[in-house]
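Report on the structure given below.
Remember, it's a predicted structure, so these values are computed and weren't measured experimentally.
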Amino acid sequence: MLARQLVRGEESGEFSKMGALMGEVIEETGDFVVNEKDKVVNLTADGVRKVEEYFHIENLADPENLEIQHNMILALRANNLMFRDKDYVVKDDEVLIVDEFTGRIMPGRRYSDGLHQAIEAKEHVNVRRESRTLATITFQNFFNKFAKKAGMTGTALTEEKEFRNIYQMDVISIPTNKPVIRIDHNDAVYKTKKEKFHAVVEEVVAAHEKGQPVLVGTITIETSELLSRMLKKRGIPHKVLNAKFHELEAEIVADAGIHGAVTIATNMAGRGTDIKLDEESVKLGGLKIIGTERHESRRIDNQLRGRAGRQGDPGESRFYISLEDDLMRLFGSEKLMSMFNALGVPENEQIEHKMLSNAIEKAQMKIETNNYGIRENLLKYDEVMNEQREVIYEERRRVLDGESMRNVIIKMISDIAENAVDLSIPDDQQTSDWDLKELNSLLLPVIPIAPVVLGEEDAKLTKNELKHRLKEEAIKLYEAKEAEFPEAEQIREIERVVLLKVIDNKWMSHIDDMDQLRQGIGLQAYGQRDPLVEYKMSGYEMFDAMTAAIREDTVRILFHIRVEQKVEREPAAKVTGTNRDESLSQAPKRREAQKIYPNDPCPCGSGKKFKQCCGRKLMAKQQA
């Protein structure tokens, strides 16, 4: 509710580390500002004040208000950066994510960190529980786990640098089986989106009148539905393929090459489905591809073009662009845009200029470089998690493979005893000054040995001797615990189960903690520190704390575990006579017939469960 009431504003200038150091003043308007390039939302001073008034809090920045601050930003992101029928669709009271590259629904996937819940609240659907990350790995680290890597695609050449730097793979261009005779026209550029869509519809109508099949590629579901409405008004029969109708994908795309066919599809729809041309379509120039917008990645544009002109087929392609498109608005040269705006081009007239074509390609290259930089930076940060992941998963693998964990547990017990001594007793302290109260408070809740007490004979006891004594006592106690089990393999299995459960719980919490650390570490740059170095140092400290917690929890559970003795209880004798002693001395009555449980088959032979047959009658009789 509050996110919808706040007013979107703008900020003058780019808030950078250098600008902050030089004392640059950033003027803000409204209650919040949106950085569409980096997909970031920030509250202004007025916005912070309104949030504080709404929630009746004194200072939004106080640690206890972090959750309000986090949820407020998520609500603003959901309302201003996440768009229905572009980033997600709403189907059957559920928010479903749309893959930005394929235009397909990703079932079962949910945005993390509460963003999905914010979108559900925005769309007034059932807000579900926030999912918890059980395991995480980047695609880069996942693929690099393979000893051999290879692949084949028609569009890898634009990403050659990334393949070499991250995967150590070379990209080799293989000539086509038959010469490509597809005609790729220059981009048609218009001043506004309205003019662009008008030109697209006119081009579709002209092609349809002569019978040439047309495939119109769109980036968003919203655009595909807008064009569909415009074509309906012109009486052009057509098929629409987007994330809402992905079940029909292969069927719709396979027929896209038949003469007279008009298909509107998200950019990469129908990959893996061959579009076959009939004879008439071949005579008319093959499949005509119309792109309604340039994608952020040139690969996606090339994939759309590649739907036509396959295996020596004829075809043609053209992209239609407006100066209002996100690509041009956010990443195009401002001077160039203002120059074309100042030209006073008549409405619905196409702009053609070499400078404009170059500007489009430069904008795409700028985004690709930007996105590659983001992925490369992500990989540097993930290296920390990757090293930790390797350690944890190696330990889990040993447990899952059924190895004996006894030596691991014994080492854990020894480490806990040593750490408790180190934390409570300084190296240079006299024996008489030792803080045994602190030592016992650290050690006894985990390892329930007798409290540590020093007698007169311990006056010259050294710290190392104390460690040795405590380790011996703890291991003896554990050996006594092992002896409680009839078979040695039982305690070995319990060790594995407990260790696995503790590791998994602590690792899940650690993933969340590292994610929170990653989000806030950028602020270290304002203190002239390298965020990556600080992240590595903090990450290693947190990992050490996690492994210590795994040790403590595992040992605590194993020392406090009890062997359950299954004792079959006999029914108590019923006292009927006046002589209580006599009745108690009588032998207990044994059940002659076998006991019938509620879910057992009824003895009457009806085939029903006892509770649904004679048991029900018996219950009714007892209640009566």
*Before accepting this row, confirm whether a basic side-chain N of the pair Glu324/Lys193 lies closer than 4.0 Å to the acidic partner's carboxylate O.*
no
*How would you list, by chain and number, every residue that makes a side-chain contact (heavy atoms from CB on, under 4.5 Å) with Thr136, sequence neighbours excluded?*
Thr133, Met385, Ile511
_Step-by-step side chain to side chain contact (heavy atoms under 4.5 Å, CB included) determination, Ile290 to Glu203_ = CA-CA 9 Å; Ile290 294 176; Glu203 187 69 22; 3.7 Å; yes
_The criterion is salt bridge (Lys or Arg N to Asp or Glu O under 4.0 Å); which residues satisfy it with Glu94, sequence neighbours excluded?_
none
*Who pairs with Lys233 by side-chain contact (heavy atoms from CB on, under 4.5 Å), at least two apart in sequence or on another chain?*
none
*asked:* Looking only at side-chain N and O atoms, does Asn302 offer a donor or acceptor that is under 3.5 Å from a partner on Arg299?
replied: no
_Val48: side-chain contact (heavy atoms from CB on, under 4.5 Å) partners, not counting sequence neighbours_ = Leu43, Glu52, Leu60
*Test side chain to side chain contact (heavy atoms under 4.5 Å, CB included) on Phe142 and Asn386 and set out the steps.*
CA-CA 10 Å; Phe142 176 68; Asn386 197 45; over 6 Å; no
*Please identify each residue that fulfils ring-ring contact (aromatic ring centres under 6.0 Å, His included) with Tyr535, with sequence neighbours left out.*
Tyr381
*asked:* Which residues pass the ring-ring contact (aromatic ring centres under 6.0 Å, His included) test with His238, not counting sequence neighbours?
replied: none
_Of Lys196, Arg318, Arg294, the residue whose pairing with Asp187 passes salt bridge (charged side-chain N to carboxylate O under 4.0 Å, His left out)_ = Arg294
*Using the test salt bridge (Lys or Arg N to Asp or Glu O under 4.0 Å), find all partners of Lys122 that sit at least two apart in sequence or belong to another chain.*
none
*Not counting sequence neighbours, list each pair that qualifies as a salt bridge (charged side-chain N to carboxylate O under 4.0 Å, His left out) and has a residue in residues 506-528.*
Arg132-Asp512, Lys506-Asp553
*Evaluate the criterion side chain to side chain contact (heavy atoms under 4.5 Å, CB included) for residue pair Val98 and Met106; output intermediate values, then yes/no.*
CA-CA 6 Å; Val98 174; Met106 298 195 285; over 6 Å; no
*Could you tell me which residues satisfy side chain to side chain donor-acceptor pair (under 3.5 Å) with Asp93, sequence neighbours excluded, listed by chain and number?*
none
*Can you sort out the partners of Gln388 under side chain to side chain donor-acceptor pair (under 3.5 Å), two or more places apart, ordered by chain and number?*
His510
_Tell me every residue that passes salt bridge (Lys or Arg N to Asp or Glu O under 4.0 Å) with Arg49, counting only those two or more places apart in sequence or in another chain._
Asp46, Glu53
*Take the angle between the ring planes of Phe163 and Tyr167 and call it parallel below 30°, perpendicular above 60°, tilted in between.*
tilted
*May I ask you to establish whether Arg375 and Tyr372 are in a cation-pi arrangement, using a distance under 6.0 Å from NZ or CZ to the six-membered ring centre and at most 45° from the ring axis?*
no
*Who pairs with Ser317 by side-chain contact (heavy atoms from CB on, under 4.5 Å), at least two apart in sequence or on another chain?*
Arg182, Asp184, Ile289, Arg305
*So, Asp31 side chain and Val7 main chain: donor-acceptor pair closer than 3.5 Å or not?*
yes
